[in-house]
Amino acid sequence: MLIDSHAHLEMPEFRQDLTEVIQRAKASGVEYIFTVGTEKKDWTRALEIAHSYPSVYAVLGVHPHNAREIDEETYPTLRKLCADDKVRAYGEIGLDFYRNLSPQDVQLKRFREQTQFARELGLPIVVHDREAHQETLGVLKSEKAEDCGGIIHCFSGDYHMAKECIEMGFCISIPGTVTFKKTGEFHEIIKRLPLESLLIETDAPFLAPVPFRGKRNEPSYVRYTAQKVAEIKKVSLEKVAEVTTENAIRVYRLKC
Ligand SMILES: [Zn+2]
Ligand SMILES: [Zn+2]
């Protein structure tokens, strides 16, 4: 059994064949999928999908790309939606200093604010960090993120950062990019991290692993990421599946 800890099933890329995508995941051993609604227009769709398919859960929040769209209605709306039992975490929130679709100062302000909001809601957070490692760590520390814990999704930091995040109660989520060539440094980091702190994810429809690189990603492909993690850590695929599944159940507090 595998869990795709992070996907975006509400995105238009899945509008045509969502049921088949979820069935293919099941057939590949992917028991649960966490779909992340990153902006206002996606929240209700993500929840709808979670309610239509027993294997799908939702994560809701405002992505750093959309940080500048937060207004006075955002938090009251999210407070209502997040009360739903199918919502298992708050996110993805964080910093993206690569694309800078919202100004950096706005991203920082909203990341701090949303971390506090998640703590108030009693939900773990799903963190997006692209080219903002030091700043991300800084916010996690200053906003006492160890109180809620959560996941650093699509991890791209160094070993030191991973270790600090794990000490704050976070899991490190490995995306399909781990199957690409020229990722030796990332492999070394994974080798040194305890399997008990790792998750696997697709971030579908983005970041498809080899042999589907460049195509639309989907949750069934999380198996290729699990396989690569098994090779790197020199353990069986079954072991990676078992432990990362336990980790996801723990961090998302699933009752199963
Ligand atoms: Zn992300
Ligand atoms: Zn994402």
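When a ligand or atom number is given, it counts from 1 through the structure's own listing order.
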Exercise. Would you say the side-chain atoms of Asp42 and His8 include a donor-acceptor pair closer than 3.5 Å?
Worked result: no
Exercise. Just by distance, do the side chain of Ser102 and the backbone of Arg68 share a donor-acceptor pair under 3.5 Å?
Worked result: yes
Problem set entry | Distance filter under 2.8 Å, centred on the Zn ion (ligand 1) - protein N, O or S atoms that pass it | Glu92 OE1, His128 ND1, His153 NE2
Problem set entry | Any donor-acceptor N or O pair under 3.5 Å, side chains Thr202, Asn217 | no
Exercise. Counting only heavy atoms not in His51, do more than 12 fall under 6.0 Å of its NE2?
Worked result: yes
Problem set entry | Ion pair Arg24/Glu20, N-O distance below 4.0 Å | no
For this session: Report the residue from His6, His153, Glu201 that forms a side chain to side chain donor-acceptor pair (under 3.5 Å) with Ser173.
Result: Glu201
